[in-house]
Amino acid sequence: MKDLRSPLAKAKGLGASGDASHHFWVQRVSALAMIGLVIWICFSIAFLPEANYATVVAWLQSPLNGIITLLFVILSFYHAQLGLQVIIEDYVSSHSKRLFGILFIKFLSYFMMAAGVYAVIKITLGGH
Amino acid sequence: MAEFTLPANSILTKGKKTAAPAGAKNIKNFIIYRYDPDSGKNPRTDTFEVDMDNCGPMVLDALIKIKGEMDSSLAMRRSCREGICGSCSMNIDGRNGLACTTAISDIEGDVTVYPLPHQPVVKDLVSDLTNFYAQYASVKPWMQTDAPVSPDRERLQSKEDREKLDGLYECILCACCSTACPSYWWNSDRYLGPAALLNSYRWINDSRDEATGERLDELDDPFKLYRCHTIMSCTDVCPKGLNPAKSIAKIKQLLIERKM
């Protein structure tokens, strides 16, 4: 079927979604937070006296270390989800495949987030 | 998702070579993209040997010489020959620009001339900019006001506010920027592209315009605006020296500013 819509109608499309600036903003805010968190986690691990199981568990059981590690787990998967969504929007042109890809990324990132949170809580509350 | 076969007529072939007149000493090769969709044949690149001792300094001079003296079937757009109409935008030596303001002497070796990238080709160097112009129209590039002004008065603007339009109003809509943008290549059906966004910002930034909020509303979209990933090819190629990437960043900044 020939598309007889005017070029202007096609350019306007379905109009603006109206909420894209939120995605942009939270991606930047989470990136900002990740700068501090990544530096903190790298230095913390690098400065551990020994790299064995007991030392790492003891380190994670300190309340501050536990809280910051939780933040790191949640924010890194959230930030990854936002970034991967942008990549899918860029390169997947089929609408149904794009929707499937974005849903897959979202479900996977929330699952990984929950798994990470569960692991940190399990260790910090003593079950190892 | 991925397409592993190329569409019909997309493989470039080697075309004919037209030699310079006998006795020409200073020869430069121009390798020009030729395509006629109506012929059903694949696009080809023709080589023209141009006698530089008998040719003007700009790429457009050589193209006009080729069309006038060597192959009259070459299709291209040109008008003002001084960088103000934006007609002769094309891909020269792998870079988008205006043929009339690109000096042949700045190009080492053979000069390759292709149409603007990733646009449908009407013929040879003429690309179909229908969507590009429609996207420009979709940002309503005119002043929108509600407050009435007496018919015998102008809408006043301070000197400082007028200066805010410098670097924006000079856009000639040649499409060099938008067609140099990889994001525009992949999503030009929905992404407005740097040229339309720069022109939208030209009105957002105009102190006399009263539709700033509505203009921002219409851009708050993952595709229309946020396909820009600050690649900066637009700013790199703009033959007028404008900075569309900065305009897009300013629009993004305003969209956040009004949330806080």
Side-chain angles (χ1 to χ4, degrees), chain A residues 1-35 75 77-110, chain B residues 1-3 119-120 128-141 178 181-193 195-197 199-200 213-231 248-260:
Chain A
M1 190 178 72
K2 208 168 175 227
D3 189 352
L4 294 172
R5 285 182 307 160
S6 72
L8 182 60
K10 286 184 206 164
K12 285 181 170 177
L14 299 174
S17 77
D19 57 3
S21 52
H22 174 73
H23 184 286
F24 175 82
W25 176 240
V26 289
Q27 195 178 16
R28 264 72 194 165
V29 172
S30 56
L32 203 61
M34 290 299 289
I35 296 174
L75 273 176
F77 281 114
Y78 183 58
H79 185 75
Q81 177 209 103
L82 295 169
L84 287 168
Q85 179 178 340
V86 171
I87 293 170
I88 290 173
E89 287 168 347
D90 272 347
Y91 295 115
V92 182
S93 52
S94 143
H95 195 265
S96 55
K97 284 170 186 159
R98 182 188 291 155
L99 180 66
F100 174 79
I102 291 172
L103 287 181
F104 177 74
I105 290 299
K106 277 192 190 294
F107 291 155
L108 185 68
S109 98
Y110 284 119
Chain B
M1 193 181 296
E3 282 179 31
Q119 298 293 302
D128 181 359
L129 296 173
T130 306
N131 181 46
F132 174 82
Y133 295 137
Q135 287 172 321
Y136 173 65
S138 79
V139 302
K140 299 182 182 155
S178 291
C181 171
S183 224
Y184 193 75
W185 297 342
W186 315 145
N187 287 297
S188 56
D189 54 335
R190 293 177 72 183
Y191 173 44
L192 292 178
L197 290 170
N199 280 285
S200 180
E214 289 88 333
R215 291 182 191 279
L216 290 174
D217 288 345
E218 284 170 26
L219 296 178
D220 192 355
D221 184 85
F223 283 87
K224 284 179 190 286
L225 172 69
Y226 287 101
R227 278 313 94 199
C228 167
H229 303 310
T230 327
I231 300 164
I248 299 172
K250 291 273 186 193
I251 296 171
K252 290 174 180 170
Q253 198 181 331
L254 290 173
L255 279 165
I256 300 303
E257 200 176 304
R258 69 175 188 173
K259 279 178 191 288
M260 301 294 146

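Note that the structure is a prediction, hence the values are computed from the model and not measured. Lettering follows sequence order; numbering is per chain, from 1.
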Check: Which region of B/Phe223, side chain (C-beta onward) or backbone (N, CA, C, O), has a non-hydrogen atom less than 4.5 Å from a non-hydrogen atom of chain A, or is it both or neither?
Finding: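 Just the side chain, heavy atoms under 4.5 Å.
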Item checked: Per-residue contact mode, B/Asn187 against chain A (heavy atom under 4.5 angstrom) ->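 The answer is the side chain of B/Asn187.
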As an exercise, state the distance from [atom1] of [X] to [atom2] of [Y], rounded to the nearest 0.5 Å.
X	Y	atom1	atom2	result
B/Lys252	A/Arg28	NZ	CZ	6.5 Å
A/Lys10	B/Ser138	NZ	OG	14.0 Å
B/Asn131	A/Leu8	CG	CG	10.5 Å
A/Ser21	B/Ile251	OG	CD1	12.5 Å

Item checked: chain B contacts, top residue of A/Ala11, A/Ala9, A/Ser6, A/Ser94 (heavy-atom pairs, under 4.5 Å) ->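 Heavy-atom pairs under 4.5 Å are most numerous for A/Ala11.
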Note to self: Walk me through whether B/Met260 and A/Trp25 qualify under side chain to side chain contact (heavy atoms under 4.5 Å, CB included).
What the structure shows: CA-CA 11 Å; B/Met260 301 294 146; A/Trp25 176 240; 3.3 Å; yes
Check: If every non-hydrogen atom of A/Ala16 is compared with every non-hydrogen atom of B/Leu219, which pair is closest and at what distance?
Finding: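 That would be CB-N, 4.4 Å.
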Item checked: Nearest atoms (heavy-atom pairs only) where A/Ala20 meets B/Pro222 ->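 Heavy atoms of A/Ala20 and B/Pro222 come nearest at CB-N, 3.2 Å.
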Check: Okay, side chain of B/Lys224, backbone of A/Lys12: is any donor-acceptor separation there less than 3.5 Å?
Finding: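 Such a contact is found between B/Lys224 side chain and A/Lys12 backbone.
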Checklist line | Sequence-distant partners of A/Phe24, ring-ring contact (aromatic ring centres under 6.0 Å, His included), two or more places apart | finding: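 Partners of A/Phe24 by the ring-ring contact (aromatic ring centres under 6.0 Å, His included) criterion, ordered by chain and then number, come out as B/Tyr226.
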Next item on the list: Sequence neighbours left out, what passes ring-ring contact (aromatic ring centres under 6.0 Å, His included) with B/Tyr184? Give chain and number order.
Entry: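 B/Tyr184: no ring-ring contact (aromatic ring centres under 6.0 Å, His included) contacts found.
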Item checked: Partner chain A: residue of B/Leu225, B/Thr130, B/Leu255, B/Ile256 with the largest heavy-atom pair count (under 4.5 Å) ->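 Maximum pair count with chain A is reached by B/Ile256.
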